[in-house]
Amino acid sequence: MKINIIGGGPAGLYFAILMKKADAAHRITIYERNGPDDTFGWGVVFSGRTLANLRAADEPTHAAITREFEAWDNVDVVHRDEKISIHGNSFSGIARIRLLKILQARCEELGIEIKFRREVADVRSIHAAGDLLVAADGVNSTVRQVFADQFQTNLSVRPNKYIWYGTHQLFHGLTLTFRENEAGVFAAHSYKFDGHTSTFIVECDAQTWQNANFKDRGDDDTRAYLEREFARDLHGHELLSNNSKWINFVLVRNGNWSFDHVVLLGDALHTAHFSIGSGTKLAMEDAIALAECLAETNDTRAALGEFVTRRKPVIGDYQAAAMESMLWFENARDYLRLSPLELAYTLMTRSGRIDHQTLRHRDPRFIDAYEIATQQSNKEPRAGGAL
Ligand SMILES: Cc1cc2nc3c(=O)[nH]c(=O)nc-3n(C[C@H](O)[C@H](O)[C@H](O)COP(=O)(O)OP(=O)(O)OC[C@H]3O[C@@H](n4cnc5c(N)ncnc54)[C@H](O)[C@@H]3O)c2cc1C
């Protein structure tokens, strides 16, 4: 089979690896507009369950990835200078560039051709030249735009702004920090992903962004502003830019996932808000599912149909959970009147995937403290009322 893949991110690279492993006779070409050492952003997170899937799909990649992992079990919520830790979770972080390098090296080992610095504009020629075209070209997918009539894409540009920095301050856990000033409310999502660097994403609502006048601030001024705002959390470390810019999250959904022998994969197909940290996981699990479907039949169209049947419910569930989480952050300012414990509880349960009992099972001490605090505060008259 002649397989063309546009996009050498986690989805495209991992799919190529799994297909080549399944049948070494496949001729696979990946077109990637960036060079092998270019990347955006800093680190990515995986949950425990994802790792089991990766191990089953390709042991060597799993081993290489987990060797580099920074693992932790706590979510830390910082509000009014108080840190609440919730244990019993399972996360691991890795630098995005390290993940890409591992996947690139595995592709090379298996004899997969990666054409770096090749931005594909003429999608139709590549479509005509192969047996399968995989659009793994990310959130702004060119393939999706070229075949817009086929995919029936729905894009929702969300109101919050976010900016993705790194820092040498190490956050030992998935840390959600809230800071308020005269402009409004800022939330930072941070976690370490190697021995000396953490991801530090700052998110704020449109009003806060406007009040802080970020439109007129240059990159250095923006960074300095946020360093001041999170000074107590950064402990003197600076924010590191990787051409970091404010962006709006774009929620991607597609009415059709494939047509003819073209299929969307990863962020080109769907996005889930970064606050549930599952974009890379979903992209790689898409690759696993698509490779499995293609291995089961020689009929490519039937395989693509089966891929949709298997993945749609899973993606639907994640997007529903991510939507709840995203809405929580879009309305974060409404929650900040809560005590740190209450805020931590609403954060842990925001996506609907973790309930009270699960939390009790994961961290009984946290739930005991929460129950005592809420029983206590229910006895006292409350300013502002409940949410
Ligand atoms: C702020 C932020 C934080 C995130 N945090 C996490 C996290 O903690 N955990 C997590 O799992 N995920 C996270 N994600 C999501 C994650 O980055 C993506 O979901 C994931 O990278 C999707 O993989 P992909 O291969 O589908 O797309 P991408 O990684 O976007 O790869 C697409 C590739 O296609 C290439 N390309 C695009 N167009 C063309 C073209 N025309 N020709 C050739 N090449 C092309 C691009 O250069 C790119 O390399 C985060 C995302 C953001 C924005």
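Each ligand, and each atom within it, is numbered from 1 in the order the structure gives.
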Just let me know how Asn140 lines up against ligand 1, side chain, backbone, both or neither, with a heavy-atom cut-off below 4.0 Å. neither
With heavy atoms of Thr280 as the reference, note each atom of ligand 1 found under 4.0 Å away. 10 (C), 11 (O), 12 (N), 16 (C), 19 (O), 20 (C)
Is there a donor-acceptor pair closer than 3.5 Å between any side-chain N or O of Asn248 and the backbone N or O of Arg158? yes
Can you tell which of Leu264, Val120, Val252 gets a heavy atom nearest to atom 42 (N) of ligand 1? Val120
Nearest heavy atom to atom 21 (O) of ligand 1 wins, so pick from Arg96, His273, Arg33. Arg96
Do Gly43 and ligand 1 have an N or O pair less than 3.5 Å apart? no
Which option wins on minimum heavy-atom distance to atom 27 (O) of ligand 1: Ala11, Ala135, Gly138, Gly12? Gly138
Residue-level breakdown please: for Ser141 versus ligand 1, do any non-hydrogen atoms fall below 4.0 Å on the side chain, on the backbone, on both, or on neither? neither
Under 4.0 Å from a heavy atom of Ile201: give me the atoms of ligand 1 that qualify, with their elements. 1 (C), 3 (C)
Quick one: does Tyr162 get an N or O within less than 3.5 Å of an N or O on ligand 1? no
Going by the order shown, which atoms of ligand 1 are within less than 4.0 Å of some heavy atom of Val45? 7 (C), 8 (O), 9 (N), 10 (C), 11 (O)
Find all atoms of ligand 1 within a distance of less than 4.0 Å from any non-hydrogen atom belonging to Asn34, and give their numbers and elements. 47 (O)
Among Trp164, Phe46, Tyr165, Phe249, which residue places a heavy atom closest to atom 51 (C) of ligand 1? Trp164
Could you tell me whether Arg98 and Glu70 have a side-chain N and a carboxylate O separated by less than 4.0 Å? no
Arg118 heavy atoms within 4.0 Å reach ligand 1 at atoms 42 (N), 43 (C)
SB check Arg223 Asp220 (cutoff 4.0 Å): yes
So, Asp73 versus Ser90: side-chain donor-acceptor pair below 3.5 Å or not? no
Go through the side-chain N and O atoms of Ser325 and Arg350 and say whether any donor and acceptor fall under 3.5 Å apart. yes
Test side chain to side chain donor-acceptor pair (under 3.5 Å) on Arg55 and Thr66 and set out the steps. CA-CA 10 Å; Arg55 168 177 269 157; Thr66 50; over 6 Å; no
Side chain to side chain donor-acceptor pair (under 3.5 Å) between Asp137 and Ser141: does it pass, once the steps are laid out? CA-CA 5 Å; Asp137 50 350; Ser141 171; 2.6 Å; yes
Compare all side-chain heavy atoms of Phe200 with those of Gln169 and state whether any distance is below 4.5 angstrom. no
Can you list the atoms of ligand 1 that are under 4.0 Å from a heavy atom of Ala136? 32 (C), 33 (C), 34 (O)
Could you check whether His356 and Glu371, counting side-chain N and O atoms only, form a donor-acceptor pair closer than 3.5 Å? yes
Those atoms of ligand 1 less than 4.0 Å from some heavy atom in Gly266: 26 (O)
Are any of the side-chain nitrogens in Asp260 or Arg301 under 4.0 Å away from the carboxylate oxygens of its partner? yes
Are more than 12 heavy atoms from other residues, nucleotides or ligands located less than 6.0 Å from atom CD of Glu109? yes
Could you tell me whether some N/O pair between Phe274 and ligand 1 is separated by less than 3.5 angstrom? no
Give the atoms of ligand 1, by number and element, whose distance to some non-hydrogen atom of Lys281 is under 4.0 Å. 11 (O)
